Each structure stands twice: as C-alpha cells, then as structure tokens.
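Computed from a prediction, not measured in an experiment: that's the story for all the values here.
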Amino acid sequence: MSTLRRMCWIFPDRESTRATAMWHPFFWDMYAEVAAELGLSWTMHAPDAVTVDGLRPGEPRVYVDGERVTPADTLFITALYSLPYQSMDVFNQYALYAVLEQAGFYLPFPPWLSPIANDKLATVLHLAGSPVPPIPTLRIGTGRDVGKHLYEVALGGLTYPAIVKPAGWCGGGGVNLARDAEEIRGLASLAQGGDTTLVVQPYLGDGTVDYRVYVVDGEPYAVMKRIPEPGSPVANASRGGAMEFPPVPPELAEATAYFAEKLPIPFFCVDFLFDGERYWFSELEPDGVIAPDFGDPARTLQRDVTRARWIAYRDAHARHHDTRELVTL
C-alpha cells in the first residue's frame with residue numbers, strides 16, 4: 001500500500017510568460033492530470049518555496065509553500081536545470097537537493113547524478129562503455145582568459161565542420177556549426193560573456209536524426225524520433241524539428257540494459273543520433289520531456305509514458321521506505 005500522495009518538481013521559477021503559456025499545454029498539464037488519475041498530485045515549485053526546520057536534532061520538518069510534507073507522503077523531482085536565465089539558481093538547486101536527501105526524502109533523481117547528467121562530457125565519460133559508441137567530445141572553458149586560446153591544444157584532432165554547444169543546456173539551445181578553428185574562437189568569445197562552458201563534437205552531417213528512448217524501470221518503453229528542418233544542425237521540436245513515434249530500434253533496445261545498470265533510477269531518457277549508417281550515444285536526460293504525438297488527439301502515447309513514469313516513481317518510493325524501515329529495525 002503506497003503512502004505517496006504528492007510529487008513536487010523543483011524547478012527554477014524563471015520562465016517567461018510566453019514560455020509558461022507554451023509548456024503548460026505541451027506537457028506540464030498532462031503530468032498533473034495523469035498524476036491525479038493515480039491519486040497523486042504533481043506540482044511545480046521554485047527552490048525557495050521549500051523551508052526546512054532543523055531546530056530539533058534528527059527531526060527535520062519540511063514545508064512546501066507553507067504546508068508540511070513528510071518523506072512518507074512526498075517525493076521531490078530534482079533534475080538540475082541550468083539554462084542561462086537559471087544560472088543564479090544552480091547552487092540553490094544543488095544545496096536543496098542535498099538537504100532533502102539528508103532529511104530522508106526519496107529523490108528519483110539523486111543529487112550525485114546531477115553533474116554527470118548535466119555536463120555532456122561527464123555523461124559520455126560515465127557511460128563510456130555504452131554498446132552504442134558515445135559521440136567523441138571535447139570540453140573547453142570560456143572564462144576571462146579565453147582570448148589566450150589555451151584550449152586550442154585539444155583541437156588538433158578535431159575534424160570540421162564541428163558542432164559547438166553549451167556543456168549543460170538543453171532544448172537545442174546554443175547549438176552552432178563551426179567550419180574551422182577561427183569560428184570556434186568566435187563562439188568561445190561569445191560564450192565568455194556568460195562563462196558558458198562549451199563542448200565540441202564532430203558534425204555527423206545534414207539530416208542526422210535524433211532518437212530519444214524513454215526508459216522505465218530499466219526497460220525501453222517508447223521512442224521519439226526527431227527529424228531536423230533542412231539545413232538545421234539540431235532536431236529538437238523547439239528548433240523546428242518534426243516528431244515521430246516509431247517502434248524502438250532493436251539496437252537501441254538491446255543497449256538499454258547497459259544504461260539501466262549504470263543508472264539505477266526508475267525513469268530516464270537516452271538520446272541517440274543516427275547519421276544514416278550508424279547510431280551514436282549523445283546525451284542523458286533524466287527529466288526528458290515526454291512530448292505529445294500531435295497526430296493523436298487523445299495523446300495516447302504521451303499519457304501512457306507519463307503514467308508509467310509516475311507508477312515507477314510510486315513503486316520506487318515504496319521500496320525506498322521499506323528499505324529505510326528495515327535499516328532502522
């Protein structure tokens with residue numbers, strides 16, 4: 001019998017009115033609706049909405065928007081978000097995740113995994129044994145000395161054109177195509193304005209397709225295929241890419257066992273690129289968007305994947321508390 005009653009998504013409260021108006025019908029409202037069907041609530045909260053009373057040793061009291069919550073009735077979804085307008089929230093997110101974990105709450109995405117999933121090279125290094133080869137990646141910082149071009153020591157083996165993008169953003173933001181080292185210099189100097197760390201990867205060619213595999217309880221549940229607009233280096237829907245929902249390609253389904261072993265969490269997404277001949281492992285998205293199939297007015301697949309995700313969270317929450325009770329006996 002599950003005691004879980006609410007899922008609180010910790011998300012920096014920095015969205016513009018236009019973005020909020022877009023994301024609510026795209027997937028936020030669906031998340032809340034499916035949760036309600038399961039007898040749960042799904043709500044979004046900024047880090048500062050959480051207050052923790054630690055005055056009593058060993059008895060922390062946690063409040064969300066003034067309401068008391070407990071590890072038995074609440075879990076927190078704590079994937080790190082670090083887009084430019086959220087950068088001031090990064091430390092607050094990390095610190096709050098650690099506090100909630102220490103207070104005994106179940107976090108389906110634990111704090112130790114945040115830097116690995118958020119930094120694209122850390123992801124590739126952590127999952128270097130993937131049966132689908134990781135896309136080659138180099139990482140360069142862009143601080144005050146970027147004009148000294150010290151990072152160019154690592155560019156000798158790079159082929160052009162190359163993809164240059166932020167190490168920790170999402171949604172296809174900041175992705176550029178560099179045709180030579182001089183263009184990388186220009187992009188690095190622009191990134192310096194926000195101390196944005198960059199990664200550089202070989203460009204796989206026009207028409208490279210992106211496959212996002214939704215993994216639930218270690219199994220490939222569904223896949224979203226994203227096809228870029230002609231001439232675009234990215235296939236994200238927010239950048240004009242077209243979405244399809246085919247069966248999971250066998251090669252990607254077989255690779256899922258490796259990712260599930262390395263990532264013992266109830267839900268995550270793995271992004272792969274297909275260059276027309278072979279697949280490449282690209283990114284890990286622990287809170288990847290479950291996008292709607294606009295060809296289906298009922299949005300059946302989006303609803304099914306969302307339901308499977310929340311059930312997996314509910315079951316993992318129950319296992320977490322069963323384990324904690326055994327430890328305290």
Side-chain angles (χ1 to χ4, degrees), residues 78-83 87 90-91 93-94 97-98 101 107-143 146 150-160 162-176 178 184 187-188 191 195-204 208 210-215 218 220 233-234 236 251-252 254-275 278-288:
T78 53
L80 180 71
Y81 281 84
S82 60
L83 289 167
S87 60
V90 168
F91 177 75
Q93 291 179 79
Y94 272 130
Y97 301 167
E101 185 177 52
L107 311 180
F109 185 54
W112 66 265
L113 200 48
S114 276
I116 292 173
N118 196 256
D119 187 285
K120 292 175 173 57
L121 181 57
T123 301
V124 166
L125 293 175
H126 183 68
L127 300 168
S130 167
V132 175
I135 189 165
T137 302
L138 66 89
R139 182 182 189 274
I140 60 176
T142 60
V146 71
L150 300 177
Y151 60 84
E152 292 189 5
V153 68
L155 300 185
L158 188 66
T159 59
Y160 297 96
I163 290 290
V164 182
K165 58 186 177 181
W169 296 2
C170 59
V175 179
N176 290 272
I184 291 181
L187 293 169
D195 282 331
T196 302
T197 302
L198 300 176
V199 293
V200 186
Q201 300 171 332
Y203 182 48
L204 300 182
T208 296
D210 179 292
Y211 286 83
R212 168 166 293 180
V213 178
Y214 297 100
V215 183
V234 291
N236 299 71
E251 185 175 343
L252 304 186
E254 291 172 8
T256 302
Y258 168 81
F259 292 97
E261 181 180 353
K262 296 286 286 186
L263 303 165
I265 56 179
F267 173 87
F268 59 90
C269 303
V270 189
D271 290 351
F272 300 91
L273 300 176
F274 182 67
D275 63 10
R278 63 186 299 185
Y279 291 100
W280 298 87
F281 165 52
S282 175
E283 296 181 23
L284 169 66
E285 297 286 354
D287 191 30

**OP:** Write down the atom of P166, the atom of G174, and the distance for their closest heavy-atom approach.
**Re:** CD-O, 3.4 Å

Subject >> Closest approach of C269 to L284 (non-hydrogen atoms, all atoms of both residues) >> reply: O-CD1, 3.5 Å

Original post:
Heavy-atom distance under 4.5 Å between the side chains of P110 and I265, does that happen here?
Top reply: yes

Subject >> Flag side-chain contact, heavy atom, 4.5 Å: Y151 against V153 >> reply: no

Subject >> Any Q93 side-chain heavy atom under 4.5 Å of Y81 side chain >> reply: yes

**OP:** Kindly determine whether V164 and I184 satisfy side chain to side chain contact (heavy atoms under 4.5 Å, CB included), including the steps that lead there.
**Re:** CA-CA 7 Å; V164 182; I184 291 181; 4.1 Å; yes

Subject >> Heavy-atom check, side chain of F109 versus side chain of P286, under 4.5 Å >> reply: yes

Original post:
Going by atom types alone, do Y97 and E101 pair a side-chain donor with an acceptor below 3.5 Å?
Top reply: no

Subject >> Contact check, side chains of L198 and R139, non-hydrogen atoms, under 4.5 Å >> reply: no

Original post:
Taking all atoms of both residues into account, what is the closest heavy-atom pair of P220 and V213, and its distance?
Top reply: CB-CG1, 4.0 Å

**OP:** For S82 and N118, test the side chains for any donor-to-acceptor distance below 3.5 angstrom and give the result as yes or no.
**Re:** yes

Original post:
Do the non-hydrogen side-chain atoms of T256 and V270 ever get within less than 4.5 Å of each other?
Top reply: no

**OP:** Check whether any side-chain heavy atom of W280 sits under 4.5 Å from a side-chain heavy atom of F274, and report yes or no.
**Re:** no

